Student: 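Please find one structure pasted underneath; my questions will follow.
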2 protein chains.
Amino acid sequence: MSGALKDAAIRVERPAKTLRELALDKVREAIVNGYFRPGDRLVERDLCAQLGVSRTVVREVLRHLESEGLVANLPNKGPIVAQLDIDEARQIYEIRGALEGMAARLCAERGSPEIVAALEESLTAIRNSYRDSDMAGVLANTSSFYQTLFTMVDRHVAWGVVNLLTVRINHLRSMTIKTERRGIEGPLQMSKIVDAIRRGDGEGAQRAAMDHVAAASAIAEAVLSAQKPAE
Amino acid sequence: MSGALKDAAIRVERPAKTLRELALDKVREAIVNGYFRPGDRLVERDLCAQLGVSRTVVREVLRHLESEGLVANLPNKGPIVAQLDIDEARQIYEIRGALEGMAARLCAERGSPEIVAALEESLTAIRNSYRDSDMAGVLANTSSFYQTLFTMVDRHVAWGVVNLLTVRINHLRSMTIKTERRGIEGPLQMSKIVDAIRRGDGEGAQRAAMDHVAAASAIAEAVLSAQKPAE
DNA sequence: AATCGTATTATGGCCTACCAAATACTGTAG
DNA sequence: CTACAGTATTTGGTAGGCCATAATACGATT
């Protein structure tokens with residue numbers, strides 16, 4: 001019985017991540033940050049060599065990424081990095097709008113000061129990252145802003161869905177935040193969400209959240225349709 | 001672009017489903033319709049024997065189901081059928097409400113008679129299935145009702161999300177539809193959605209869709225909390 | 001020269017067999 | 001009756017091989 005206490009206290013983060021999970025993260029990251037480009041073939045045996053793992057592991061990873069929508073499987077040709085078409089991106093933003101709007105409304109209706117405080121903290125972090133031109137930081141802190149929004153009202157499933165969809169548009173996100181004026185307008189829109197939550201204005205919070213996503217979507221669409229002809 | 005048309009016309013169906021996909025469907029179905037119960041261990045080699053395939057395939061299938069949320073992986077103990085707790089179910093219904101509400105609103109705003117016709121067709125099919133006490137038919141036709149709702153306004157991604165979430169609560173669904181009076185009220189609520197869409201009343205359609213899901217959620221909650229103590 | 005087989009290669013799908021480490025089980029000695 | 005050692009079970013992971021198919025290259029025939 002004495003054992004139960006000790007390992008709860010000194011619990012080290014991830015004592016045993018399986019090789020598969022490590023490989024999964026590596027490949028996902030490689031796709032998300034553009035090391036593998038959309039349309040690239042992902043040849044099993046090559047990945048084995050590059051990752052230093054066996055085909056079994058690689059195949060499981062590819063299966064997983066396939067179900068995440070990051071990888072598409074052409075019959076008789078094998079896996080490639082999924083192409084993101086503009087319509088799909090639009091749909092993903094729309095879903096995010098619906099879910100983030102829902103979460104924002106719930107936050108407002110709960111009316112707890114801790115939520116506002118936590119959101120404001122993320123928001124300041126975002127502003128600082130923008131000021132330092134730390135784009136990776138912007139992304140991370142934006143994520144944590146939304147994570148707060150969802151988890152403070154215990155909507156882990158919805159947060160999971162949003163996360164799942166977000167990886168598919170991640171390179172879009174990194175382009176939208178680099179847009180001129182986004183450094184001002186983005187945080188401004190987000191602070192409107194926070195304001196509405198502070199006022200306990202559910203309707204307003206929902207609308208503000210949806211507006212913010214809609215703005216991001218519009219920028220993404222512009223970016224995407226501008227680069228399509230270039231290919 | 002001319003290619004898109006022609007092969008849609010003569011498209012031969014999928015003659016060659018891979019063994020993996022077959023196995024995936026089999027196992028998923030076995031979980032969904034209760035052959036494997038929540039908490040059951042899914043021993044790789046046993047599954048190999050039962051499915052008549054190799055471990056390679058079984059492992060990929062388990063990975064896939066894990067990312068679908070139907071299977072949970074205990075570290076160093078292996079995969080089990082995921083347990084559905086009541087809070088998670090509630091969240092899933094809530095998300096469905098948000099997305100189906102969105103789709104219903106879009107259908108109403110588009111105001112195309114084909115949509116109404118297609119929905120009405122599904123609705124009659126549901127009524128017939130209820131009349132014949134064909135519960136599998138009710139589920140299938142309800143699915144196709146919602147599929148229509150999403151795909152008629154080209155929201156394939158959202159439909160995918162709803163589908164993904166729905167398998168996790170499938171056994172709940174089959175219990176809720178067996179509830180007394182559900183055979184009347186269910187179709188009634190759905191016809192309210194259709195009515196609102198026919199009127200072009202986006203707001204009303206959204207509310208009707210959310211009401212319908214909320215009703216299902218309430219029943220599911222009752223069912224679930226009634227059976228929990230029994231275990 | 002153009003076209004039509006045919007060999008080769010690349011690759012995915014699937015299988016068997018094996019090993020190591022963790023966990024659960026069991027039987028025995030003290 | 002407990003503690004401990006040994007054994008079985010099972011996952012995580014590896015290695016390698018077989019077969020089918022698609023694409024490519026190459027050579028032969030008209």
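Just so it is clear, the values below take in all heavy atoms, side chains as well, and ignore hydrogens, waters and symmetry mates. The structure presented is a predicted model; accordingly, all values stated were derived computationally and were not measured. In the text below, chain A, chain B and the rest are named by the order of the sequence lines, each starting its count at 1.
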Student: Measure CG/B:Leu51 against C1'/C:dC14 and give the value in whole Å, please.
Tutor: 14 Å

Student: So if I take every side-chain heavy atom of A:Val53 and compare against C:dG12, C:dC15, D:dT14, which nucleotide ends up nearest?
Tutor: D:dT14

Student: Using a cut-off of 4.0 Å on non-hydrogen atoms, how would the nucleic acid contact of B:Leu74 be classed: base, sugar-phosphate, or nothing?
Tutor: nothing

Student: Roughly, in whole Å, what's the span from CZ in B:Arg55 to C1' in C:dC19?
Tutor: 11 Å

Student: Separation of B:Arg59 atom CZ from D:dA15 atom C1', in whole Å?
Tutor: 14 Å

Student: Starting at atom CD of A:Glu60, determine the distance to atom C1' of C:dG12, rounded to an integer number of angstrom.
Tutor: 16 Å

Student: Does B:Thr18 place a side-chain N or O at less than 4.0 Å from the phosphate oxygens OP1/OP2 of C:dC14?
Tutor: yes

Student: Does a side-chain N or O from A:Asn76 land closer than 4.0 Å to OP1 or OP2 of D:dA22, or not?
Tutor: yes

Student: Could you tell me how far apart B:Glu44 (CD) and D:dT10 (P) are, to the nearest whole angstrom?
Tutor: 11 Å

Student: Figure out the CG/C1' separation between B:Leu47 and C:dC15, and round it to whole Å.
Tutor: 17 Å

Student: On the nucleotide D:dG12, are OP1 or OP2 found under 4.0 Å from the side-chain N or O atoms that B:Arg63 carries?
Tutor: yes

Student: Separation of B:Asn73 atom CG from C:dT23 atom P, in whole Å?
Tutor: 14 Å

Student: Measure from the side-chain heavy atoms of A:Pro79 and tell me the nearest of C:dG12, C:dC14, D:dT21.
Tutor: C:dG12

Student: Would you say B:Gln91's side chain and A:His156's backbone share a donor-acceptor pair under 3.5 angstrom?
Tutor: yes

Student: Anything under 30° is parallel, anything over 60° is perpendicular, the rest tilted; go ahead and classify B:Tyr146 against B:His212.
Tutor: parallel

Student: At 4.0 Å (heavy atoms only), tell me whether A:Leu42 reaches a base, stays on the sugar-phosphate, or touches nothing.
Tutor: sugar-phosphate

Student: For B:Arg59, does its backbone N or O pair with a side-chain atom of A:Arg59 as donor and acceptor, under 3.5 Å?
Tutor: no

Student: What nucleotide among C:dT16, D:dG13, D:dT10 has an atom nearest to a side-chain atom of B:Ser54?
Tutor: C:dT16

Student: Examine C:dA10: is either OP1 or OP2 under 4.0 Å from a nitrogen or oxygen in the side chain of A:Arg45? Give yes or no.
Tutor: no

